[in-house]
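Computed over heavy atoms, backbone and side chain alike; hydrogens, waters and symmetry mates excluded.
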Amino acid sequence: MDIIFYHPTFDFHYWKAQLEKTLPGATVRQWEEGDRHPADYALVWEPPVEMLKGRPLKAVFALGAGVDSILKKLQAHPEMLAESTSLFRLEDTGMGEQMQEYAVSQVLHWFRRFDDYHAQKLQARWEPLDAYNKEDFTIGILGAGVLGSKVAQTLQAWGFPIRCWSRSRKSWPGVKSFAGQTELAGFLSGTRVLINLLPHTPETVGLINAERLGHLPEGSYLINLARGVHVVEDDLLQALESGKLKGAMLDVFSREPLDPQSPLWAHPRVAMTPHVAAVTRPPEAIAFIARTIAGLENGEEVTGRVDRERGY
């Protein structure tokens, strides 16, 4: 079996060695411009159109949790990928654990009022503050996929009330599920900490806007771990200035790197990281890809296949 590989930063030689070790009989090559030799599978991240265009492939694997960059190119170049070619995204592969770490650390930071104590420290103020109650600190998770379920499970262990919102209703033990547009306002109105883990689809772009933020209780918080395009940044800033939001933790932005002139950099109640909440871990990713390819070759049921119409 022949596998072609393209990633702008990954160490190809490591991936080649590990994939060929894990998939006996496989030959892995790095795609280069002009390569039209046959291949069975492609492993890619933001691939050039010419890499996939007109190439008969059994499947394409996106080397990350999202496939929005591929789907965006497909809109402009539908000939890039045949309808018969399956598109896969990485399922968890270590990302769930990283999202858990990120979400728990930030939720506890706010719950224990470390943001307030830091502000007092800057003013040289020594003043114990009233503690928050967990029953008043409901966590609402936008997006109820694999990563959302992992984050919910970990936060439950800390005793926080958990709710989720998604297209279809979920039945997670101990988690209140909201579904569809008609239940979104109700989901938001009882959420103290909003964690965004939505997929990037046309329907979710700009979903976190002034109207939706307005449904949150006064003094709420936002953690964005999904995509920057989900949040209307001007509306976020207005919500922070009005006090509707007490704080925001942002890992993703509408433009990356974030413009040095963006007011988000200097805002005292905005914390940020440079899109590192969950990165692809090569050993776990390789194990998932090898297991999935073996399953496809044997005609078995596999997971991670993307529904192109839904976008995930």
Side-chain angles (χ1 to χ4, degrees), residues 62 64-68 71 86-93 95-100 102-104 106-107 134-217 220-227 229-232 245 251-252 277-278 288 301-312:
V67 294
D68 38 285
L71 295 178
S86 296
L87 177 61
F88 286 85
R89 59 182 175 84
L90 298 184
E91 276 198 335
D92 196 348
T93 61
M95 296 181 190
E97 181 181 14
Q98 295 172 76
M99 290 293 192
Q100 288 172 323
Y102 198 111
V104 169
Q106 190 59 40
V107 168
K134 284 186 178 176
E135 56 266 29
D136 300 324
F137 220 76
T138 298
I139 313 299
I141 300 173
L142 277 173
V146 173
L147 298 179
S149 67
K150 294 276 189 180
V151 170
Q153 182 181 27
T154 300
L155 287 167
Q156 270 186 300
W158 286 92
F160 293 104
I162 308 294
R163 54 177 52 193
C164 69
W165 180 85
S166 54
R167 286 181 50 168
S168 57
R169 200 169 309 283
K170 304 301 178 184
S171 55
W172 296 347
V175 176
K176 187 174 182 180
S177 175
F178 295 76
Q181 290 294 328
T182 58
E183 296 184 10
L184 181 54
F187 161 81
L188 293 169
S189 66
T191 292
R192 184 68 180 279
V193 180
L194 181 63
I195 302 178
N196 179 36
L197 285 166
L198 288 169
H200 180 183
T201 69
E203 292 77 21
T204 61
V205 172
L207 187 140
I208 303 174
N209 55 24
E211 177 187 352
R212 273 54 180 266
L213 292 171
H215 291 300
L216 294 170
S220 296
Y221 303 91
L222 170 68
I223 302 176
N224 189 12
L225 301 175
R227 288 291 185 268
V229 294
H230 292 144
V231 177
V232 179
L245 282 182
D251 183 58
V252 288
F288 171 80
E301 288 293 322
V302 295
T303 61
R305 196 189 309 265
V306 172
D307 182 328
R308 297 195 202 179
E309 291 298 320
R310 295 172 65 179
Y312 57 94

Atom [atom1] in [X], atom [atom2] in [Y]: separation rounded to 0.5 Å?
X    : Y    : atom1 : atom2 : value
L207 : L184 : CG    : CG    : 6.0 Å
W172 : Q153 : CH2   : CD    : 10.0 Å
D68  : R227 : CG    : CZ    : 4.5 Å
T201 : R167 : OG1   : CZ    : 7.5 Å
Y312 : L71  : OH    : CG    : 12.5 Å
E91  : L147 : CD    : CG    : 9.5 Å

**OP:** Check the pair T204, L142 against side chain to side chain contact (heavy atoms under 4.5 Å, CB included), reporting the backbone distance first and the verdict last.
**Re:** CA-CA 10 Å; T204 61; L142 277 173; over 6 Å; no
Subject >> Contacts of Y102 that satisfy ring-ring contact (aromatic ring centres under 6.0 Å, His included) - sequence neighbours left out >> reply: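 Y102 satisfies ring-ring contact (aromatic ring centres under 6.0 Å, His included) with no other residue.
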Check [X] against [Y] and note the closest heavy-atom contact, atom names and distance.
X    : Y    : result
T138 : G190 : CB-O, 3.3 Å
A152 : I162 : CB-CG2, 3.9 Å
Q156 : P173 : NE2-O, 2.9 Å
V104 : W158 : CG1-NE1, 3.5 Å
S168 : S166 : O-OG, 2.6 Å
L216 : S220 : CB-OG, 3.8 Å

Original post:
Can you list every salt bridge (Lys or Arg N to Asp or Glu O under 4.0 Å) pair that touches residues 174-194, not counting sequence neighbours?
Top reply: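 Those involving residues 174-194 are R169-E183.
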Original post:
Got a sec, which pairs hit salt bridge (Lys or Arg N to Asp or Glu O under 4.0 Å) with one end in residues 138-147, sequence neighbours left out?
Top reply: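 Residue pairs with at least one partner in residues 138-147: there are none.
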Original post:
Side chains of L194 and F187: closer than 4.5 Å at any heavy-atom pair?
Top reply: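 Heavy-atom side-chain distance check passes, below 4.5 Å.
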**OP:** Compare all side-chain heavy atoms of K170 with those of V175 and state whether any distance is below 4.5 angstrom.
**Re:**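 Result no, sub-4.5 Å side-chain heavy-atom pair not found.
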Subject >> Derivation and outcome, side chain to side chain contact (heavy atoms under 4.5 Å, CB included), residues L213 and I208 >> reply: CA-CA 6 Å; L213 292 171; I208 303 174; 3.7 Å; yes
Original post:
When you look at CD of E309, are more than 12 heavy atoms from neighbouring residues, nucleotides or ligands closer to it than 6.0 Å?
Top reply: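 No, the 6.0 Å shell around CD holds no more than 12 heavy atoms from other groups.
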Subject >> Step-by-step side chain to side chain contact (heavy atoms under 4.5 Å, CB included) determination, L198 to W165 >> reply: CA-CA 9 Å; L198 288 169; W165 180 85; 3.9 Å; yes
Original post:
Are the side chain of Q100 and the backbone of K150 linked by a donor-acceptor contact shorter than 3.5 Å?
Top reply: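 Judged by distance alone, yes, a pair lies under 3.5 Å.
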Original post:
side-chain contact (heavy atoms from CB on, under 4.5 Å) with I223: which of V193, D251, V151?
Top reply: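 That would be V193.
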**OP:** Check the angle between the aromatic planes of H230 and H200 and answer parallel, tilted or perpendicular using the 30° and 60° thresholds.
**Re:**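 H230 and H200: perpendicular rings.
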